[in-house]
Structures are given as C-alpha cells and as structure tokens.
Amino acid sequence: RRSSDLDRKAAHCVPKYTFRRLDNRESDHNVSPGYNFRFAKYYKDADGKESRTLMKAYGIRFDVLVFGTAGKFDIIPTMINIGSGVALLGVATVLCDIIVLYFMKKKNYYREKKYKYVDDYELYCRSWESLMPSS
C-alpha cells in the first residue's frame, strides 16, 4: 500500500512492495506450470489470401499493482470548503429559528426572549424626531 503526501519531498514517499505467485502451484491441477497462453496473428499475404499464425507464449508474467492515496494541499478547495461551512452555519441558524419560533410548544416564550418589544411610544417618537432634520 502506498500513501504519499505530495507536499513533501519525493524521498519521503517510499512504497512497500510484496510479491506472490499467480499460477496454481499444485502439479495435479496444472496442465503446464507457469504463465502461458495462445494467441493468433491474422494477416493477408501478397496474393490476398487470409492466413493466420498461431503462437504460444510462455514465461514469467509480472503484474504490478499499486494501491494507495496521495494528496496535496491547495488553497482554492480549502477556501471553497470554508465558505460552504460558513454558509451552512447561516442556514442552520435560520432553520433553528424557524423551528423554535413556529413549531415548538413554548414558541411564545422563545419569541419573548429572542425579540425585545418597545412599548414606550413617547420614547419611540423622541428617538425618531432626533433623526429627522429640522426645517
């Protein structure tokens, strides 16, 4: 198994190799031991006659399979993930407010604690007049 951190030097990425035999070792169940197969090569000769040559290949077969993970830091996907997380927090806040203020049994209690109501009309008018330009 190979796991590499591509932010580090290549010398730190050292794979571990293992080998095993792929063919059947039991001679009772083997017609011919080792790796061998037959294949045909088709061609046309100078007269246009189709011909084929049957070949038997045998020898040692090496299958090199490498499994693993590799990663490298990149700022753009990191910023996208942070932005998505912040947006999800905003959505979660709104969703929780909707559930608490409209669907809970004690919704009036939560609404009183969340919003502050001003009942003093005179105080409201004075603060509004101070914002208006005098003519």
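These numbers come from the heavy atoms of this one structure, side chains and all, not from hydrogens, waters or symmetry mates.
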Next on the checklist: Any heavy-atom pair between the side chains of K107 and L101 that's under 4.5 Å?
Outcome noted: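 Of all side-chain heavy-atom pairs linking K107 with L101, none is under 4.5 Å.
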Checklist entry - Are F39 and L54 side-chain neighbours, meaning at least one heavy-atom pair lies under 4.5 Å? => result no
Next on the checklist: Using a 6.0 Å cut-off, check whether atom CD1 of I75 has over 12 heavy atoms from anything other than its own residue.
Outcome noted: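 Yes.
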Same cluster or not: are [X] and [Y] linked, directly or through other Ile, Leu, Val, Met, Phe, Trp or Tyr residues, by side-chain heavy atoms under 4.5 angstrom apart?
X    : Y    : value
V86  : V94  : no
M55  : Y43  : no
Y115 : M104 : yes
V91  : I99  : no
I98  : Y109 : yes

Checklist entry - Which residue pairs satisfy the salt bridge (charged side-chain N to carboxylate O under 4.0 Å, His left out) criterion with at least one member in residues 74-100, sequence neighbours excluded? => result D97-K114
Checklist entry - Under 6.0 Å from the six-membered ring centre of Y58 and within 45° of its axis: does the NZ or CZ of R38 meet both? => result no
Checklist entry - In Å, rounded to the nearest 0.5 Å, how long is the span from CG of L88 to CG of L95? => result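 One finds 11.0 Å between CG of L88 and CG of L95.
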